[in-house]
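Notes follow once the structure below has been shown.
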Amino acid sequence: MSDKPNSELSTVYNAREIENEIYKFWEENDCFKADSSSKKEPYSIVIPPPNVTGVLHMGHALDGTLQDILIRYNRMQDKEVLWMPGCDHAGIATQNVIEKNLHKKGLSRFDLGREKFLETTWQWANEHKNRILEQFKLLGASFDLSRKRFTLDEGCSNAVKKVFVDLYNKGLIYKGSYIVNWCPRCQSAISDVETNYETEPGHLWEISYALKDQMGAIVIATTRPETMFGDVAIAVNPNDYKYKDLIGKTCVMPLTGRNIPIIADEYVDKSFGTGALKITPAHDPNDFEVGLRHNLAQIKVIDEKGCMMQNEYVPPQIQGLTREEARKKTVKMLEEHQVLVRVSEHTHNVGKCQRCNTTIEPLLSKQWFVKMKPLAKPAIEAVKNGSIKFIPQRWEKNYLMWMENIRDWCISRQLWWGHQIPAYYHNKTGEMVVALENPDPNNYTQESDVLDTWFSSGLWPFETMGWPNINNPDYQKFYPTTTLVTGFDIIFFWVARMITMGLEFTKKPPFSTVYIHGLIRDEFGQKMSKSKGNTIDPVDLIEKYGCDALRFTLTYLCTYGGQDIKISDEKFEFGRNFANKIWNASRFVLMNISKDKIFDSVDTTNLSIADKWILNELNETIKSVNENIKNYRIGEIASILYEFFWSKYCDWYVELSKIEKNEQVLVYILAQYLKLLHPIMPHITEAIWQKMPVKKEKKGILFENYPKYLEKFEFNSDAKKMETVFETIKALRNLRAEFNIPLASKIDIIIDKDENLYSQIIPYLKRLAKVNSIKFEKDSSIKKSACCTVSDTKITVPLEDIIDLKQEIIRQQKKMDKLLGELNSLNQRLNNEKFIKSAPFDVVEKTKNKKQELEAEIKIIKNTITKLS
RNA sequence: GGGCGUUUAGCUCAGUUGGUAGAGCGCCUCCCUUACAAGGAGGAUGUCGGGAGUUCGAGCCUCUCAACGCCCACCA
């Protein structure tokens, strides 16, 4: 592209063409590369690594835009910034994709075997892992791709192994048989946070268990009769008088005839169901606990596929059936045996696999766990003492509640795609060694389970910086990172685990601020999902409206409270229109300034009130943008910048410049503005910047220093004067509209003030209100005229031919009524002694001033009406 | 059961320590004024979910009720 200053911008703003060109320019100049040897203050963000299987979605677009804004803003603060990109191997998600592909060919992963399967998956992952980061480029992401990482790459794998071995050696990782959430489809254990509960209609079956050696029976209630074959006891509450005498007795299970004891346990709720509960430790987490307390056996009757096992405990007719079939059959058999006492409708919560929505089977199995309580302690402390701050703060409560009630984390997965657990078993003795390497590959076999994906993502902020080599320059310079930007949906999955792991292994919080934004939803507030078919593809939006338009719109919609964001395609017209406005205004400025001149300063000795006004406005804008970004009020910034450019610079200053212009100021404001906007709309600002006739010492606008508030441009009183001019122009335009006077016919006006008060603004009035002549007379005698007021100034417009005096009286009367209403409410306040006494001085003053203004205005209108009548 | 959020113009939403309500879109009138019709000028529209309280003053603070949404827990 031509970076020759002062060359014209193209007539039509073609967003995509410009954006591609500009991104290429940054890439070719290596603009995003972080320098770990820099002396500048560091600022770093690690990207929430998108799934390697993924394609860019609106969530990434928002998350990426916000990160890029922070990165670009801080780069312009002259900090050494690093935005670390990368992907997550996404264990279950990726494996599901590959298995689905195999399934189409009629194959399962077992047909291929582990080695071949992994080979296929790696190949697939390598083909795809660049895709999503390439798509991030379309967002204008200024991340350092030379540092790109993958959670399964060598460095991350080493970090994972080290963490695992260390935690094991510290006694914080253990292996054991526990009830876990088992997904029969994924064929793996999953963690508690990967289990979603859905309310489903079901039944409560009451089944009678006969007492042994005596008359009578005990009736239990269950929602899952098929698990009864794994029963090892009936439990009742020790304080339940109904059952007092039965405790310690034995009963006979229906259908199988096995004998089980009746035990007492506080866990049983007397008021639910029949007050008697069957205990199935191998298939229910609560029963599992009860079983441990009472030393009961654990009888497994459902297998890993969710089918009834073929063992002595399950009746032959039931063996091999699926859970669902088994339930029906069991109920039928119970009916036949006349032990089904009652069936009632009962809605209850059923666990579902987050990945595939299959109903979870609580299953007893051998798994690896991380002991979380000791790790959680410092993680709680770090948030409580403020070394990690959540924005908005309310998420801290959420985080703390979860952390304070944390349970052990099941980290083993019966998958193949992932970090294989570094535990090795002796082929003969079964002896287990946990170590970084296999002690003897001939005699030891590695644990087949892999780790939960979030185990490696939990190390992301430091494993990407070269840890465990703490001398790595990146680690030295950029760790701990500064800000983490993410949605609230992964606070538990990811944020919490990074904090615990970061504190445990680096003794530092991995970031100081967690900026949580809302989720993107469709126009009806529904979560976007492929299966619902309500997704909007950000790539399509970029093609249609441009990247900057997408970024600006999303930013504008991103409010401080972190509310979810409802979007629809048309909403992005907002950003597109704005980009177009910026382009055209800039084009106008570049076309209307002296050629071949460099504007590098503003001469403050020769400024009009309009110049002072806009400089003052810019100053205010700079101040509030800087304040707001520090407080993560990023949406606010978008709206401030929109307002300044459109309603101040374009609507007024650029218009005024058509009458009388100060090229220095015209260019200066635009140049400063481009910098202010650059973090949000990087491409268009860079493109225009390249053509700006200003001094450029840096490689691009992205390296320019972000504008700062300048006291020399404080012009409050002049700015106020200018506001009066605007009020006057607006009043005249308004009058025109009301009398239907076309702009083509110019008007004469009479102002009841001294001429020298207005000398500066006469040209503005002439041009912007299409005024022909201006007279200055205290008391105009023209009767056939309309008038408008600006505070205590009366402007008379003779309208010989047009005016209907009766109508005009009505119009003025209406105005006066409105003003009288306002005056009335002001008087009420001012007549209230308590108001005068307790309200702050400036509020009282303001009210008094307002009152005087109103009174003056009312007086003028009153006189006018008298004159007209 | 516990926690959180939302309720403001027809729609989508802002509204920072309490000072008397705003934007975009849509709607109505006029205008192709040589940066922009993806534009310009003007206009209409709100008992700020209901009720009570604190205060001179409440969209904002307190209590309460209601509706919707989310998260955690998981009584078979």
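Below, read A as the first sequence line, B as the second, and so on, with proteins coming before strands; counting in each chain starts at 1.
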When the [atom1] atoms of [N] and [M] are considered, how many whole Å apart are they?
N	M	atom1	value
B:rU62	B:rG22	P	25 Å
B:rG3	B:rC65	P	13 Å
B:rC68	B:rG26	C1'	25 Å
B:rA14	B:rA21	C1'	11 Å
B:rC31	B:rU16	P	41 Å
B:rA58	B:rG50	P	15 Å
B:rG69	B:rG49	C1'	15 Å
B:rU7	B:rG51	C1'	15 Å

With sequence neighbours left out, which residue pairs that include part of residues 569-585 of chain A fulfil the salt bridge (Lys or Arg N to Asp or Glu O under 4.0 Å) condition?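 Output for this query lists A:Lys544-A:Asp569.
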It should be established whether A:His348 places a side-chain nitrogen or oxygen under 4.0 Å from OP1 or OP2 of nucleotide B:rC74.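 The answer is no; no side-chain N or O of A:His348 sits under 4.0 Å from OP1 or OP2.
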Between [X] and [Y], how do the two ring planes meet: parallel, tilted or perpendicular, split at 30° and 60°?
X	Y	value
A:Phe488	A:Trp395	parallel
A:Phe645	A:Phe578	perpendicular
A:Phe390	A:Tyr399	tilted

Write out the stems for RNA chain B, ordered by first number and formatted as range with range, counting runs of at least 3 consecutive Watson-Crick or G-U wobble pairs under 3.5 Å.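 When the pairs of RNA chain B are grouped into runs of at least three, the stems are B:1-7 with B:66-72, B:10-13 with B:22-25, B:27-31 with B:39-43, B:49-53 with B:61-65.
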Would you please name every residue forming a salt bridge (Lys or Arg N to Asp or Glu O under 4.0 Å) with A:Lys566, sequence neighbours left out?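 So A:Lys566 forms no salt bridge (Lys or Arg N to Asp or Glu O under 4.0 Å) with any residue.
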With sequence neighbours excluded, residues passing salt bridge (Lys or Arg N to Asp or Glu O under 4.0 Å) with A:Asp265: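 Expected list: A:Arg293.
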In whole angstroms, how far is the [atom2] atom of [N] from the [atom1] atom of [X]?
X	N	atom1	atom2	value
A:Arg407	B:rA73	CZ	P	6 Å
A:Glu289	B:rC74	CD	C1'	13 Å
A:His203	B:rA76	NE2	P	14 Å

Determine, step by step, whether A:Val843 and A:Phe835 satisfy the side chain to side chain contact (heavy atoms under 4.5 Å, CB included) criterion, reporting the C-alpha distance in whole Å, the side-chain angles of both residues, the deciding distance to 0.1 Å, and the verdict. CA-CA 10 Å; A:Val843 173; A:Phe835 173 72; 4.1 Å; yes
Could you list all the side chain to side chain donor-acceptor pair (under 3.5 Å) pairs where at least one residue sits in residues 726-743 of chain A, not counting sequence neighbours?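 For residues 726-743 of chain A: A:Glu738-A:Arg811.
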A cation-pi test, strictly: NZ or CZ of A:Lys270 under 6.0 Å from the centre of the six-membered ring of A:Tyr243 and no more than 45 degrees from its axis. Yes or no?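 A:Lys270 over A:Tyr243 ring: no.
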Take [range] nucleotide by nucleotide from the 5' end and write B, S or -, depending on whether a protein heavy atom sits under 4.0 Å from the base, only from the sugar-phosphate, or from neither.
range	answer
nucleotides 22-36 of chain B	-SS--------B-BB
nucleotides 4-10 of chain B	SSS----
nucleotides 42-49 of chain B	SS------
nucleotides 52-61 of chain B	----B-----

Ring centers of A:Tyr197, A:His348 separated by less than 6.0 Å: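 Ring centres of A:His348 and A:Tyr197 not closer than 6.0 Å.
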For the aromatic rings, using the six-membered ring if either is Trp, is the centroid distance between A:Tyr649 and A:Tyr673 under 6.0 Å?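 Aromatic pair excluded; centres sit 6.0 Å or further apart.
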Residues two or more places apart in sequence or in another chain: which of them pass side-chain contact (heavy atoms from CB on, under 4.5 Å) with A:Arg16?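 Partners of A:Arg16 by the side-chain contact (heavy atoms from CB on, under 4.5 Å) criterion, ordered by chain and then number, come out as A:Asn14, A:Glu19, A:Asn20, A:Leu138, A:Ile542, A:Glu543, A:Cys547.
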Without swapping roles, check the side chain of A:His283 against the backbone of A:Ile302 for a donor-acceptor pair under 3.5 Å.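 Answer holds: yes.
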Using modelled atom types only, decide if a donor and an acceptor are shared between the side chain of A:Asn181 and the backbone of A:Ile360 within a distance under 3.5 Å.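 Not a single qualifying donor-acceptor pair exists.
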Check each residue of residues 219-235 of chain A for a non-hydrogen atom within less than 4.0 Å of any atom in RNA chain B, then write out the ones that pass by number, or none.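 When residues 219-235 of chain A is checked for heavy atoms under 4.0 Å from RNA chain B, the hits, listed by number, are A:Ala221, A:Thr222, A:Thr223.
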Go through the structure and list residues passing ring-ring contact (aromatic ring centres under 6.0 Å, His included) with A:Trp205, not counting sequence neighbours.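 ring-ring contact (aromatic ring centres under 6.0 Å, His included) check on A:Trp205 returns A:His203.
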Let me spell it out: for each of A:Ser825 and A:Leu557, pick the nucleotide of RNA chain B with the closest heavy atom. Which residue's pick is nearer the 5' end?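 Going by which nucleotide is closer to the 5' end, it is A:Leu557.
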Let me spell it out: for each of A:Lys270 and A:Thr559, pick the nucleotide of RNA chain B with the closest heavy atom. Which residue's pick is nearer the 5' end?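 Whichever sits nearer the 5' end wins; that is A:Thr559.
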